[in-house]
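These notes concern the structure reproduced below.
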Amino acid sequence: MDSIDLSEQEVIRRQALNEIRRLGIDPYPAELFPVSVSTEEIKRNYSEEAKNYQDVSIAGRLMGKRIMGSASFAEIQDGKGRIQIYVKRDDICPDDDPTLYNTVFKKLLDIGDFIGVRGFVFITKMGEITLHVKEMKLLSKSLRPLPVVKEKDGTVYDAVKDPEFRYRRRYVDLVVNPGVRNIFIKRTRMIDSLRNLFNSYGYLEVETPVLQPIPGGAAALPFVTHHNTLDTPLYLRIANELYLKRLIVGGFEGVYEFSKDFRNEGMDRMHNPEFTVLEIYVAYKDYLWMMDFVEEMMEKAATDLHGTTQIPYGDQLINFERPFRRITMTDAIREYAGVDITGMDEDRLRGVCRKLDILIDKTMGKGKLIDRIFGEKVEPNLIQPVFIMDYPVSMSPLCKKHRKDPELTERFELIVNAKEICNAYTELNDPVDQRERFQEQLKLSEKGDDEAMYIDQDFLRALEYGMPPAAGLGVGIDRLAMIMTNQPGIQDVLFFPQMRPEKPTEAEDLM
RNA sequence: GAUCCAGUAGCUCAGCAGGUAGAGCACAUCCCUUUUAAGGAUGGGGUCCAGGGUUCGAAUCCCUGCUGGAUCACCA
């Protein structure tokens, strides 16, 4: 990298780096630094009376310096939070040489540098818990200036908020915006909560192929790649449903997987090309059982994260307390759109759509028309958790037909804040019916529906060996995380949301 | 994909009857031993996203492009 491309501050930091080396200090030492406590633990447990934490070591990023001659206050930020440190020249420079304080600390250390300090904890006149430093060591020099975000009385000054900057340099976002870390910690805690529940039921976490010869289990456009040795196309999975069901065929009675799925479709605040779905399949259950299970799961996740079932989302308060409302799709359309679609054929549904001012096109079949009515007129009203049950058969080629109505399927979705969070079936295990449903998908595909499902012959073969009755569930983990962490976009709950690659000039600059 | 908005210092932003740039923080030099958005003084730093056009003159007006955001469409 040519120094002519560096900003003044970057040049100064490189000069400081050289100066540090010249003083015989290794700016990137190899040996461990013995951290004895976290900033959080000190702040939580320190008491003046107990006089605890009188010899501790902490490490982290230097996040602020307030120099007042031969004494200074500064801040260290570790993985848990920040603590103020008090640095006095006479303490860190016990002999006559003041270099460590005057030159190294005051001039050569910058905001963003990692340092380790050892000392004792006290409380300043202003009442702040502070570490009085006796020894200081540089652990890693930072060469780029970190944005300095300040805060007073709850007001944040100069917060880094440009979304492009935040998503492209998430590492900086995490250092500088403390709330961001908590979002991701909560996301992980949420997944822990689900996993713990599944394990407590004795279900087995499994892994199934990401690279699939036939991308099945959902209606979506896949990413295609190529395997050189096999000389065959492979697809990144759009769902793992068909593989998990094969495991149910194989005798596992409860399996689940947190699955990274990939869909070659649009990107926006709700969609990222790769995203996480939980899928779980349980033998000998049906979709009614699964609704109870989902209620338990959601209530537990909410309480594990927030200690309550009431979750703030935007200006809403969402209540995950059991039981959730249950309503069939037909009843929901009757209630919110004022139309009874029972027994309507495709033409009459088209008439309904026209009357309700819903945009449709010729390629839409009965299932899609009903879905449009639901999406336009019903879904926006559904803020609190609600199960929508019994979808039309043509929308659900992997779902068992309804025990009472062959036009419907035993399927439900959980809608929260007008968005689908869960999708579940009584799984179709009749291999003959499944073959027919696939063939109908093939017809749709021949009509031009590029998302119609492929026929997976091996999956049919598996069903022909016999699959026990089972209930299956898919949960959009990113969307659930959005709700559980009160975030408006999927980019805010993904560490590294997909972005257009940076320009070559920028990329070269990063080399 | 459509429409709208935005891109100015490391960060947050101002500047737009057109006269080639400014603030706060950060950075540099100096003063200051319990401060806390520390303070005081002085100073450096910008291909004003890119390219074209109008003009004597463009950060400012026009066109094209790039990147991002919002809304809608499409899609789970």
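Letters go in sequence order (proteins before strands), and every chain restarts at 1.
With hydrogens and angles left out, the side chain of A:Tyr86 and the base of B:U35 share no donor-acceptor pair within 3.5 Å. Residue-to-nucleotide contacts include a donor-acceptor pair under 3.5 Å from the side chain of A:Gln9 to the base of B:A26. Scanning atom types as modelled, no donor and acceptor separated by under 3.5 angstrom connect the side chain of A:Glu128 and the base of B:U35. In terms of polar N and O atoms assigned as donor or acceptor, the side chain of A:Asp162 never comes within less than 3.5 Å of the base of B:G69 in a complementary pairing.
Considering only side-chain atoms of A:Ser70, the nucleotide from B:G68, B:G44, B:U33 that sits closest is B:U33. Taking the side chain of A:Phe165 as heavy atoms from C-beta on, and the options B:C11, B:G68, B:C75, the nearest nucleotide is B:C11. Minimum atom distance to the side chain of A:Lys150 is reached by B:A37, of the listed B:A37, B:C27, B:U36.
Among the heavy atoms of the strands lying under 4.0 Å from A:Glu413 is at least one base atom, whether or not backbone atoms are also near. Counting any heavy atom pair closer than 4.0 Å across all strands shown, A:Ile67 reaches a base atom. The residue A:Arg66 sits close to a base: some heavy atom pair falls under 4.0 Å.
Contact of the A:Ile76 side chain with the A:Val117 side chain is registered, since non-hydrogen atoms from C-beta on lie closer than 4.5 Å. When side chains are defined from C-beta on, A:Val393 counts as touching A:Lys401, because their heavy atoms get closer than 4.5 Å.
Between A:Lys65 and B:U36, a side-chain N or O to OP1/OP2 separation shorter than 4.0 Å is absent. In terms of phosphate contacts, A:Lys368 brings a side-chain nitrogen or oxygen within less than 4.0 Å of OP1 or OP2 of B:C75. Between A:Arg269 and B:A70 there is a side-chain N or O to OP1 or OP2 distance below 4.0 Å.
Residues that satisfy the ring pair (Phe, Tyr, Trp, His ring centres under 6.0 Å) test with A:Phe105, not counting sequence neighbours, are A:Tyr101.
Between A:Phe120 and A:Phe122, the ring planes are tilted. Angles from 30° to 60° get that label.
The side-chain tip of A:Arg411 points at the ring of A:Tyr391 from less than 6.0 angstrom away and within 45° of straight on.
Nucleotide B:C4 forms a Watson-Crick or G-U wobble pair with B:G69, both donor-acceptor distances falling under 3.5 Å.
Sequence order on RNA chain B of the closest nucleotides to A:Phe275 and A:Phe73 puts A:Phe73 first from the 5' end. Mapping A:Tyr167 and A:Ile111 onto RNA chain B by nearest heavy atom places A:Ile111 closer to the 5' end of the strand.
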